[in-house]
Every structure is written in structure tokens, then in C-alpha cells.
Amino acid sequence: FSSVTSVLNMSIFKDQFVLEDLIQELKKKSTALSFGPLQSNGHISVQGSFPAIKLLRDFLLLKAKSLSEEDKKEESQSHQRPRRRLQQHRLTMKTSNSVHDADGEKQVVVLDTDTYHYMKYLFPRIFVVNGDVVVSDITDGDITTVYIENAGSRSDAGQVLRVKEKIENQSIKLHEVLRKEKIYFEEHTRDERRRYKLACKSLKPYYPSVLVIPYDTHIDIIGDAQEIFDFTKDV
């Protein structure tokens, strides 16, 4: 998708922040996103690219988590918490990328599955790291969740964040340029399907930046718009 829309429920922050100030902070951090008006029930519509929406989601989740942790610390001191201005509780997008779990540092990146396959094909070194960092993935249809975990010493915890940032930065670049074509096998015989797959295989060396994924029902062709057009025409 070139653009997606999400409706955020900001009402959970109304006891801690002035919502108008919080929205202004989000707008400054997420200049690639378009924000609608803040509704009286705390809902606000946000539109933009999937990676940009995902970064905004990560930021809000960390902000909510930090508030929950502060509530636990302050619960014994007071049952009433003042309505704070944003200046007293400001988190940067960079901080939102660093979340620790009980076993050590763990980061999560949500990607479009086609983008993930293309990244592994054309930029495999992004996912190949040393023994202190483990990268795994779970694919659920059009969405692939990538987990980056620290399997070594805590002193190398920063490497997990660096790997996540590389994956995110590359996915955002690819999101702008990648396109996909499909060759369907709805009425083709088994021999015709085999010939299509052989044609793709023979042409592949001439299109090193095109990813070809054959399935039983169709063939996915992923890459730059002009290249996949030329490749499909040649096939």
C-alpha cells in the first residue's frame, strides 16, 4: 500500500498529558504522516506509509509503558497524580526503539512480507550478525514480524538496536520503490506452468535486482517498477 489510515485512541493519555500538546509532539516527530482533527472522545485519524505508522505506534506503546511503570512506583506515595505538561515527560523516537525485556534486550520490527523477502534476497547481510545477536521471524500472511534479540553479553546490547535501525531504514527506502507483478496460472496446464517457471529462471541472470517467487497458483515478481515490467514482458 502507498498509504494506510489508522485511528488512534489517545484518551488513555488524558490523565497524564494535555492531549493537544501530545498531538503537536507527534506531528513534529512524524512529519511524513497526516493527522486529522482531535475528536472529543480522544480519537484522531492518522494517514501515511506503513513504516511511518509503525514507528508512531512504537513510540506511543513505549510512552504508555513508561507511564504504567511510573504509576507503580508512585502508587505508594500518592493516589492522585497531577496533569503533567509534555515538558515533564518527553521521549524521543530514538528512545522508543530501545525496549528491554526480562531476558535482555529484544527489538521487534513489523514489515510487509514482500518487502521482507526482497530485503533477504538483495540485502542478506542486514540479517546476518554475530553470535551475540539472534534474528528470527514469524510470517502471518502479508505481515512478517522480525525479532532481534541479544543472545550474548549485556555489553553488546547496543548492537541489537543498530541491527533494528538498519532493517527499518532499509525497509522505508524499499517501501517507496518496490512494486509487484503476478503471473497467474488459473487456466494453464502443468506443462505451461513449468515453461513459465523455466522462462523466469533463464531470464533471472539478466535482472539481478528482480525477485521471483514461484507458487503453485502464480508467480510473484518483485522489484523496481520498470524492471519488473520489462521482466514480465520478456517472460
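Any value given below was found using the heavy atoms of this structure, including those in side chains, with hydrogens, waters and symmetry copies removed.
The salt bridge (charged side-chain N to carboxylate O under 4.0 Å, His left out) check on D191 picks up R194, R195, with sequence neighbours excluded. By the salt bridge (charged side-chain N to carboxylate O under 4.0 Å, His left out) test, K166 is found to be paired with no residue, residues two or more places apart in sequence or in another chain being considered.
Grouping Ile, Leu, Val, Met, Phe, Trp and Tyr residues whose side-chain heavy atoms lie under 4.5 Å apart, directly or via other members, places Y207 in a hydrophobic cluster with I183, F185, Y196, L203, Y206, V210, V212, I219, I221, I228, F231, V235.
No path of Ile, Leu, Val, Met, Phe, Trp and Tyr side chains, each step under 4.5 Å between heavy atoms, connects L178 with F229, placing them in separate hydrophobic clusters. Using a 4.5 Å cut-off between side-chain heavy atoms of Ile, Leu, Val, Met, Phe, Trp and Tyr, with links allowed through other members, V4 and F59 fall into the same hydrophobic cluster. Cluster annotation: I213 and L198 are assigned to distinct hydrophobic clusters (Ile/Leu/Val/Met/Phe/Trp/Tyr, side-chain heavy-atom contacts under 4.5 Å, transitive). L61 and L8 end up in different hydrophobic clusters when Ile, Leu, Val, Met, Phe, Trp and Tyr side chains are linked at under 4.5 Å.
There is a side-chain donor-acceptor pair under 3.5 Å between D137 and Y116. A side-chain donor-acceptor contact under 3.5 Å links T144 and T113.
Across every non-hydrogen atom of S202 and A199, the tightest pair is OG-O, 2.9 Å. Contact between I126 and M119 at its shortest, heavy atoms only, is CD1-CE, 4.3 Å. Considering all non-hydrogen atoms of both residues, E192 and E187 come closest at OE1-O, 4.2 Å. Residues L56 and S30 come closest through the heavy atom pair CD1-OG, 3.9 Å. D58 and E168 get closest at one heavy-atom pair: OD2-OE2, 4.1 Å. Here the closest non-hydrogen pair linking L33 and G48 is CD2-CA, 3.6 Å.
Residue K204 qualifies as enclosed at atom NZ: its count of foreign heavy atoms under 6.0 Å is above 12. Around atom NZ of K173, no more than 12 heavy atoms belonging to other residues, nucleotides or ligands sit under 6.0 Å away. Within 6.0 Å of OH on Y184 lie no more than 12 heavy atoms contributed by other residues, nucleotides or ligands. K120 NZ: 12 or fewer foreign heavy atoms inside a 6.0 Å radius. Around CZ of F123, the count of heavy atoms belonging to other residues, nucleotides or ligands within 6.0 Å exceeds 12.
Separating the CG atom in L22 from the NZ atom in K14 is a distance of 14.0 Å, to the nearest 0.5 Å. Between atom CG of residue D216 and atom CZ of residue R190 there is a gap of 10.0 Å, rounded to the nearest 0.5 Å. Going from atom OG of S209 over to atom CD1 of I222 covers 13.0 Å, rounded to the nearest 0.5 Å. Within the model, atoms CG of D112 and OG of S49 stand 11.5 Å from one another, a figure rounded to the nearest 0.5 Å. Separating the OG1 atom in T232 from the NZ atom in K182 is a distance of 12.0 Å, to the nearest 0.5 Å. To the nearest 0.5 Å, atoms CD1 (I172) and NE2 (H175) are separated by 9.5 Å.
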Verify side-chain contact (heavy atoms from CB on, under 4.5 Å) between E149 and V133, making sure each step is shown before the conclusion. CA-CA 6 Å; E149 301 180 65; V133 177; over 6 Å; no

Let me see the working for D220 and H218 under side-chain contact (heavy atoms from CB on, under 4.5 Å), right down to the final yes or no. CA-CA 7 Å; D220 280 348; H218 66 278; 3.0 Å; yes

Evaluate S45 against T5 for side-chain contact (heavy atoms from CB on, under 4.5 Å), listing each step before the verdict. CA-CA 7 Å; S45 177; T5 301; 3.4 Å; yes

The test is side-chain contact (heavy atoms from CB on, under 4.5 Å); show your working for L122 and L211 and say whether it passes. CA-CA 8 Å; L122 207 62; L211 173 61; over 6 Å; no

Given D224 and R179, is the salt bridge (charged side-chain N to carboxylate O under 4.0 Å, His left out) satisfied, shown in steps? CA-CA 6 Å; D224 171 83; R179 299 294 183 267; over 6 Å; no

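Between the side chain of T31 and the backbone N or O of K28, no donor-acceptor pair lies under 3.5 Å. Checking side-chain atoms of Q170 against main-chain N and O of I167 turns up no donor-acceptor pair under 3.5 Å. Distance alone, capped at 3.5 Å, places no donor-acceptor pair between the D140 side chain and the I143 backbone.
F35 has its side chain within reach of L26: a pair of non-hydrogen atoms, C-beta onward, lies under 4.5 Å apart. Using a 4.5 Å heavy-atom threshold, the side chains of I44 and Q39 count as separate. In this structure the side chain of V134 never reaches within 4.5 angstrom of the side chain of Y147, judged on heavy atoms. Here the side chains of F50 and V110 are in contact, with some heavy-atom distance below 4.5 Å.
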